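Report on the following structure.
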Amino acid sequence: MVIVSSAFISKALSSPNLKDLRQIHALVITLNLEHSDFFSGKLIDKYSNLKDPHSSLSVFKRASSPPKNVYLWNSIIRALSHNGLSTKALDFYKKLREHNVSPDKYTFPPVVKACAGLLDKEMGDWVYGEIVELGFGSDLYVGNAVVDMYSRMGLLGRAREVFDEMPVRDIVSWNSLISGCSYHGCYEEAVGVYRELRSSWVVPDSFTVTSVLSAFGNLEGVKEGEGVHGFVVKLGVGSVVVVNNGLLSMYLKLRRLRDARRVFDEMVVRDSVTYNTMICGYFNLEMYEESVKMFLENFDQFKADILTVSSILRACGHLRDLRLAKYVHEYMMRGGFVVGTTVGNILIDVYAKCGDMIAARDVFKGMECKDTVSWNSIINGYIQSGDVLEAMQLFKMMMIMDERADHITYLMLVSVSTRLTDLKLGRGLHCNVTKSGFCSDVSVSNALIDMSAKCGEEGDSLQIFNSMESKDTVTWNMVISACVRSGDFATGLQVTTQMRNSGVVPDMATFLVILPMCASLAAKRLGKEIHCCLLRFGYESELRIGNALIEMYSKCGCLKSSLKVFEHMSRRDVVTWTGMIYAYGMYGEGEKALAAFADMEKNGVVPDNVVFIAIIYACSHSGLVEEGLACFEKMKTQYMIEPTMEHYACVVDLLSRSQKISKAEEFIQTMPIKPDASIWASLLRACRTSGDMEIAERVSKKIIELNPDDPGYSILASNTYAALRKWDKVSLIRKSLKDKQIKKNPGFSWIEVSNRVHVFRAGDVSAPQSEAIHKSLEILYSLMAKEGYIPDSREVSQNLEEEEEKRRLVCGHSERLAIAFGLLNTEPGTPLQVMKNLRVCGDCHEVTKLISRIVGREILVRDANRFHLFKDGTCSCKDRW
DNA sequence: CTAGGGTTAG
């Protein structure tokens, strides 16, 4: 009876489904066969194959206990390991050892696999030690399992060692090694092992091919991938789905769309990986329409999973296709798709991108497990849709709910405070960042540097910069830009030098920060060096770099270099032309500026409001009144550009400079917007030059009434009253400036002599070679006096008792010191180039003209407004400045 | 009686 039943059960066990298996199991129990190691072992195996490891476990527990038969132990360990219960499998291995059962060579592969599944390196090493100790180290199957384990753990060297020590290897050994390399991104190594394999006696199989294809997909230069495609056919694995999926993936990664499409079309059997590979592949190539099309044409052919859905939804985000997003969302819900955290986060982002914040909020509310990304996505959604208040509200909620903010949260919020120039908010965030330890994140610190700078707190920027342990290119760019923004060029230069010495690789932004700094400083030498640097880094053909170079060279006094850069540019936009036109303007080359403007129009470049400022400015500095006015008209009527305050100021300047004072005044009266201090100041300067003190006084009164923020305008008015000797008014203005705690921008000049910049302040006696400078100036004054020069003290603003004292102050204007220093320290005849942060005063202008004749030198002076080239007693500005 | 390896994704 028992013998008949055993035979029957043995046969019945050959191919059962789960229902049949349970019946057989019941039969085994009723026949009292459950203590038979043979039947128990069979049942454990069968349950395991049907992915029911818990039933396997209960069979094991009811079997003879403690089991002595290693076969039973092997079965249960295998059942657990194969079904992903790695920890349990390892526990059973330990129990086996405790019961003093001797493992055999069949015990180890599942145990090793369990270690691999847990990526537990220590346990892996321990098990491998046991294997070697018990003498199973040379077994092929055990060895393969170990190679695979180390491969999966990314310990590729260790895997290779074990591989090399194996006395026998087969294709599985090779495949384990190759797939390990591929999986861990060591594509060259994967291909290397593949080549070794090809030159051995072992024949590759479909597993080999699939593993190595994924490596070829990531190696653009290597053409062997194509060979593999042919080889696939030769091996006879051309119809294996997984192999074709590998080919598809490779071709898509290499952007070989036609090949991918051909493989796809010729596939007889496809699986969901096939469709996902196509959908994700198109998505990664930013071919969102194709990705979506692939899904819509085949969504009934396979079961969409998280990969499908995340690609398609993100494609909807890029395409701003709200309808499709909602459709896919619905399709997911209908199909019983569980919206987990990741997919929920994608949905929030997609709805936000498509502008449906209500839908985004609904998804957010409905999510059971929110993570930081969920909060970031919804906050970012509100920021992008312009609802900063709601975004901040959510951030507060996040803090209250003790939800962890990450570096991206802070990055987003800091950029909001930057955009709003909200220093209070920014500083609050800075505190949070410091408290939560994110100040070690470079990008967050960079954002804080930028925020402080744009809120006008250069000091904060520098402090953050100095406290940073690691800095990247953006950090340096930001801090230099902070210095430039606040006018602290000295620190800007220092940081630039540090950056160049630090070995950080500059990017385009670096040059776009440093070049304007060189322009402001007229640091010709540094500018040229930077030009060389950017050639070395290959940025010379960039449009914005070209534009910056034009500006840098023109402001450094090298108009010719500007022109050279301009001529070499392959593409030119409005900014390029504006740069050239402005450059010509600064040098008093109004005709050339007009020609450039016409050229620009001929080249089909549409002018914007800025280029009109440049051209009117150019006309203004060359006395081309009619032409300038014509440009102004053209802007309004032909190009329909509404003039701004700056345009009106330019026109007033244009008229005033040419002494058409009444016309200028008339023009101001017809302005459709209320003229500000800059407009009146232009007129006032003209009155001062022409000596029209009646209008000057009237205009000064207007300026004072406007109470301008810029102290320069008030000082101009004050100087007018000083010239009229109305000292009460002067002291009144001075007092109001003092009350507002505004200090006059101190004037200074600088000159570059033998590669060093020397700075001079008005009346500065501590300057280098001060005595020699004063002595040589005295000599020059006496020579000038012989030519009939009388110092003009109108520019002096203080009510000083002694006329002599006034003269001393005039003599002390910083540009004269710089010029004298230049004369003393260069060979006779060398041209001088002096920079000044304010405008040159009338008396200094006169003096410089005379000096240029007396010493026979060209003196180029760049003031806040333009260039003056002094030569043989005349100036290129033709006294219009 | 029993064992080992592959493709999509960030």
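What you are looking at is a predicted structure, and each value in this text was computed from that prediction instead of being measured. Convention: sequence-line order gives letters A, B, ...; per-chain numbering from 1.
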Test of understanding: with salt bridge (charged side-chain N to carboxylate O under 4.0 Å, His left out), list the residues that count as partners of [X], not counting sequence neighbours.
X	result
A/Arg261	A/Asp265
A/Lys303	none
A/Glu220	none

Expected output is a numbered-order residue list: members of [range] with a heavy atom under 4.0 Å from any atom of DNA chain B. What is it?
range	value
residues 180-208 of chain A	A/Asp205, A/Ser206, A/Phe207
residues 241-250 of chain A	A/Val242, A/Val243, A/Asn245, A/Ser249
residues 107-136 of chain A	A/Pro109, A/Lys113
residues 137-150 of chain A	A/Asp139, A/Tyr141, A/Asn144, A/Asp148
residues 270-297 of chain A	A/Val273, A/Asn276, A/Thr277, A/Cys280, A/Asn284

Side chains of [Y] and [X]: any donor to acceptor distance under 3.5 Å?
X	Y	value
A/Ser151	A/Asp148	no
A/Ser443	A/Asn446	no
A/Ser173	A/Asp170	yes

### Message
Cation-pi check for A/Tyr251 against A/Arg256: NZ or CZ below 6.0 Å from the six-membered ring centre and within 45 degrees of the axis, yes or no?
### Response
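No, cation not above the ring by the 6.0 Å, 45° rule.
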
Mind checking if [X] touches a base, just sugar-phosphate, or nothing, with heavy atoms under 4.0 Å?
X	result
A/Asp170	base
A/Ser179	sugar-phosphate
A/Arg152	sugar-phosphate
A/Val240	base

#### Entry: Plane angle bin for A/His99 and A/Trp73 - parallel if under 30°, tilted between 30 and 60°, otherwise perpendicular
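Rings of A/Trp73 and A/His99: tilted, 30 to 60°.
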
### Task
For the pair A/Phe295 and A/Phe299, name the ring-plane relationship: parallel under 30°, tilted 30 to 60°, perpendicular over 60°.
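If you compare the ring of A/Phe295 with that of A/Phe299, the planes turn out tilted.
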
### Message
Does this structure show an ion pair linking A/Asp52 with A/Arg22, if we count only N-O contacts that are shorter than 4.0 Å?
### Response
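Salt bridge: yes.
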
### Query
Is it true that A/Lys88 and A/Asp91 make a salt bridge, defined as a side-chain N closer than 4.0 Å to a carboxylate O?
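No, A/Lys88 and A/Asp91 are not salt-bridged.
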
### Query
Can you list every pair that meets ring-ring contact (aromatic ring centres under 6.0 Å, His included) and has a residue in residues 165-188 of chain A, with sequence neighbours left out?
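Non-adjacent pairs meeting ring-ring contact (aromatic ring centres under 6.0 Å, His included): A/Phe163-A/Trp174.
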
Can you give the donor-acceptor pairs under 3.5 Å from side chains of residues 130-138 of chain A to other protein atoms, not counting sequence neighbours?
residue, atom, partner, partner atom, Å
A/Glu130, OE1, A/Tyr93, OH, 2.5
A/Glu130, OE1, A/Arg97, NE, 2.9

#### Entry: Nucleotides bounding contact with chain A, strand DNA chain B, heavy-atom threshold 4.0 Å
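In short, chain A contacts DNA chain B from B/dC1 to B/dG10.
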
### Query
Mind checking whether A/Phe92 and A/Phe60 have ring centres under 6.0 Å apart?
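Yes, close enough.
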
### Message
Are A/Tyr47 and A/His25 an aromatic pair, judged by ring center distance below 6.0 Å?
### Response
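Under 6.0 Å, so yes.
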
### Message
Looking at A/Leu252, is its backbone amide N or carbonyl O close enough to the side chain of A/Arg255 to form a donor-acceptor pair, meaning the two atoms are under 3.5 Å apart?
### Response
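Not confirmed, A/Arg255 side chain does not pair with A/Leu252 backbone.
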
Sequence neighbours left out, cut at 3.5 Å: what donor-acceptor pairs do the side chains of residues 281-292 of chain A make with other protein atoms?
residue, atom, partner, partner atom, Å
A/Asn284, ND2, A/Cys280, O, 3.3
A/Ser291, OG, A/Ile279, O, 3.0

### Task
Please report the C-alpha distance between A/Tyr275 and A/Thr308 in whole Å, then the side-chain angles of each, then the deciding distance to 0.1 Å, and finally whether the side chain to side chain contact (heavy atoms under 4.5 Å, CB included) criterion is met.
CA-CA 8 Å; A/Tyr275 293 107; A/Thr308 328; over 6 Å; no

